[in-house]
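Reading through the structure tokens given below for one structure.
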Amino acid sequence: MAINWQAEAAKYEKDLLADLTTLLRIKSERDIEHKTDDAPLGPGPAKALQAMLALAERDGFKTLNVDNVAGRIEMGDGDEIFGLFGHMDVVPAGPGWNTDPYEPVIKDGKIYARGSSDDKGPSIAAYYALKMIKDLGLPVNKKIHFIIGTDEESEWVGINRYMEVEPAPDFGFSPDAEFPIINGEKGIATFAVNLKNIAAKSAALTLQQFTAGIRVNMVPQSATAVIGGQLPADFDAQLQDFAKANHVTATTEAKGNATELTLVGKGAHAQEPKAGVNAATYLATFLNTFDFDPAGKTYLHLIADFMHEDSRGHKLQINYTDKVMGELTASPDMFDFNQDGNKQIMINIRYPQGTDASQIRDQIESTLGEDLVDVTINGHAQGPHYVSGDDPLVQTLLGVFERQTGLKGHEQVIGGGTYGRIIERGVAFGAQMPDQENVMHQANEYMPIKDIMAAVAIYAEAISELAK
């Protein structure tokens with residue numbers, strides 16, 4: 001019997017939106033400052049995981065909770081394990097929202113909330129696809145494990161813990177990217193650039209503080225500098241001229257004997273820095289023209305001359321292009337300068353096959369100057385991942401996409417990192433539709449409801465094909 005996947009999916013829209021709203025209301029940002037033995041990543045991620053598993057238990061699925069950092073929804077049986085990989089954690093909401101990021105709002109056919117497109121919306125679409133298969137009684141001849149993580153936006157604590165104690169799927173996909181498919185992901189590494197000690201010397205101005213960024217995978221939307229000393233009489237006029245010319249906003253405020261300057265740009269996902277306006281590099285570029293103390297001047301110079309408006313790493317001399325995976329991208333995302341403390345810049349880099357994190361580290365340090373900085377790889381670098389376009393997994397998923405949308409499927413490589421890379425035959429598949437605006441990690445994140453429901457239908461057919 002032929003199944004009208006779209007028509008079947010449409011029957012679930014009301015229930016799906018109710019369940020999605022429940023998940024979106026949970027502030028599931030990583031919060032280890034408030035971690036407990038029962039919530040190792042903070043109360044929000046654990047609560048969101050529990051809520052997702054509770055939906056599955058309500059609907060008759062078997063579930064597993066791994067230390068409140070990961071979980072599993074199960075159906076089917078067989079010798080092979082087909083995996084789905086989603087996550088319940090979200091990046092911090094950040095500034096610039098027109099509505100409460102944790103009180104979902106539906107407007108013009110879109111649901112607005114942090115996590116609506118990354119990744120609670122796509123995850124609930126995949127869940128309802130499983131539910132539809134179950135409700136229709138379709139044959140399943142493999143084990144299906146829908147694995148839920150709670151730290152995808154940071155250190156992958158949840159998924160790594162899961163893989164330590166539970167069997168890895170043989171193949172599968174993550175609903176955490178875009179259609180038609182993502183069968184290649186660049187390597188990801190964050191590099192900490194630490195300024196070495198510089199002898200003090202009197203100057204007209206002192207950079208007391210410079211701060212920006214809330215996560216290493218987010219282009220900073222705002223940046224703040226605290227400046228000591230007597231500013232030039234026309235400083236405010238210069239600042240506003242700069243802001244107008246560069247389509248940013250800037251304000252100043254007296255702070256005792258100092259001045260606090262805040263510049264606002266546009267946040268974005270670090271996988272494509274061009275989608276944002278990096279407030280920190282613009283602020284440093286403006287301040288770099290003034291007479292600052294040696295440490296402050298050097299810090300501003302490194303940012304302005306080597307990192308501003310250079311998303312492909314040419315100024316750092318790390319640019320690299322692979323014919324399959326494309327260009328390296330570089331996004332300086334966190335800044336922490338204190339005259340009497342840290343003087344650090346964190347650069348998030350997505351790199352194709354053909355280079356590696358060690359080479360990149362060496363070149364950054366060489367370019368900036370070993371006498372000025374120490375450069376280290378922050379945490380664990382993830383190498384590039386690629387599944388051949390000839391793989392039956394890729395061919396099946398592209399076939400389903402083409403049948404349901406009428407659009408031509410094709411391979412894609414992204415700079416983003418998804419759980420799809422956790423297994424050898426893992427890819428990312430939706431749920432963002434082609435040509436749809438990418439608002440992941442941005443203020444006013446949303447997902448069109450019609451796209452969520454389309455993803456339910458696509459996922460249901462895809463899972464049915466791959467697990468039969």
Side-chain angles (χ1 to χ4, degrees), residues 33 92-97 192-216 218-267 276-309 332-347 368-369 371-375 443:
E33 290 184 7
W97 286 78
V193 179
N194 291 286
L195 192 65
K196 293 183 176 180
N197 290 331
I198 298 176
K201 183 180 178 182
S202 62
L205 301 173
T206 299
L207 185 64
Q208 296 180 356
Q209 291 182 348
F210 187 103
T211 56
I214 53 178
R215 280 285 179 88
V216 295
M218 299 173 70
V219 175
Q221 180 164 311
S222 65
T224 300
V226 178
I227 303 168
Q230 185 64 45
L231 295 172
D234 64 345
F235 183 86
D236 282 339
Q238 290 188 56
L239 175 61
Q240 294 310 318
D241 287 346
F242 177 87
K244 183 178 180 181
N246 291 284
H247 308 290
V248 296
T249 60
T251 57
T252 59
E253 181 181 353
K255 292 286 185 178
N257 294 325
T259 301
E260 183 177 274
L261 192 163
T262 300
L263 188 145
V264 178
K266 179 186 177 184
V277 177
N278 193 314
T281 69
Y282 274 92
L283 179 56
T285 297
F286 172 72
L287 294 177
N288 193 42
T289 61
F290 295 90
D291 181 20
F292 277 94
D293 64 282
K297 182 66 176 177
T298 301
Y299 189 79
L300 297 171
H301 153 69
L302 294 178
I303 299 168
D305 290 357
F306 293 98
M307 303 174 197
H308 180 54
E309 292 192 311
D333 292 334
M334 293 193 71
F335 301 78
D336 181 18
F337 177 97
N338 190 297
Q339 190 64 225
D340 301 318
N342 290 336
K343 298 173 179 63
Q344 185 180 78
I345 305 161
M346 301 281 271
I347 310 174
L368 297 181
D371 57 330
L372 292 179
V373 299
D374 284 319
V375 180

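The two residues L207 and F210 have their closest heavy-atom pair at CD2-CB, 4.2 Å. The two residues P332 and N278 make their nearest non-hydrogen contact at O-ND2, 2.8 Å. A295 and F337 get closest at one heavy-atom pair: O-CE1, 3.8 Å. Closest approach of P294 to A200, counting heavy atoms only: CG-C, 4.4 Å. In plain terms, the two heavy atoms of G265 and V248 that are nearest each other are CA-CG1, 4.3 Å. Residues P92 and M218 share a closest heavy-atom pair of O-CE, 3.9 Å.
The line from OG1 of T259 to CD of Q208 is 9.0 Å long, rounded to the nearest 0.5 Å. Here the NE2 atom belonging to H247 is positioned 8.5 Å from the OH atom belonging to Y282, to the nearest 0.5 angstrom. With rounding to the nearest 0.5 Å, the separation of CZ in F292 from NE2 in H301 is 15.0 Å. The distance from atom CD1 of I227 to atom OG1 of T252, rounded to the nearest 0.5 Å, is 9.5 Å. Atom CG of N246 is separated from atom CG of D241 by 10.5 Å, given to the nearest 0.5 angstrom.
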_If you apply the rule side-chain contact (heavy atoms from CB on, under 4.5 Å), what do you find for F290 with L300, and how did you get there?_
CA-CA 10 Å; F290 295 90; L300 297 171; over 6 Å; no
*Please step through side-chain contact (heavy atoms from CB on, under 4.5 Å) for the pair F335 and L283, ending with a clear verdict.*
CA-CA 11 Å; F335 301 78; L283 179 56; over 6 Å; no
_Assess the residue pair N288 and K297 against the criterion (side-chain contact (heavy atoms from CB on, under 4.5 Å)); give the C-alpha distance rounded to whole Å, side-chain angles, the decisive distance to 0.1 Å, and a yes or no._
CA-CA 7 Å; N288 193 42; K297 182 66 176 177; 3.6 Å; yes
_Walk me through whether L261 and L287 qualify under side-chain contact (heavy atoms from CB on, under 4.5 Å)._
CA-CA 10 Å; L261 192 163; L287 294 177; 4.1 Å; yes
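Enclosure of atom NZ in K244 is not indicated, since only 12 or fewer non-hydrogen atoms of other residues, nucleotides or ligands lie within 6.0 angstrom. Crowding of Q230 atom CD: a count of heavy atoms from other residues, nucleotides or ligands under 6.0 Å not exceeding 12. Within 6.0 Å of CG on N197 lie no more than 12 heavy atoms contributed by other residues, nucleotides or ligands.
No donor-acceptor distance shorter than 3.5 angstrom exists from the side chain of D234 to the backbone of A237, with no hydrogens or angles considered. Under a 3.5 Å cut-off, the side chain of Q221 and the backbone N or O of A279 do not form any donor-acceptor pair. Looking only at distances, a side-chain donor or acceptor of Y299 sits under 3.5 Å from a matching main-chain atom of D336.
Ring orientation note: the planes of F235 and F286 are nearly perpendicular, at an angle over 60° on the 30°/60° scale.
Counting heavy atoms from C-beta outward, V219 and D333 have side chains that approach closer than 4.5 Å. D371 is not listed as a side-chain neighbour of K196, based on a closest heavy-atom distance of 4.5 Å or more. P220 places none of its side-chain heavy atoms less than 4.5 Å from the side chain of I214.
Each of L302, D305, I345 was evaluated against L368; a single residue qualifies, L302, per the side-chain contact (heavy atoms from CB on, under 4.5 Å) test. Here the options are N194, D374, N338, the test is side-chain hydrogen bond (donor to acceptor under 3.5 Å, both in side chains), and the partner is Q344; only N194 passes.
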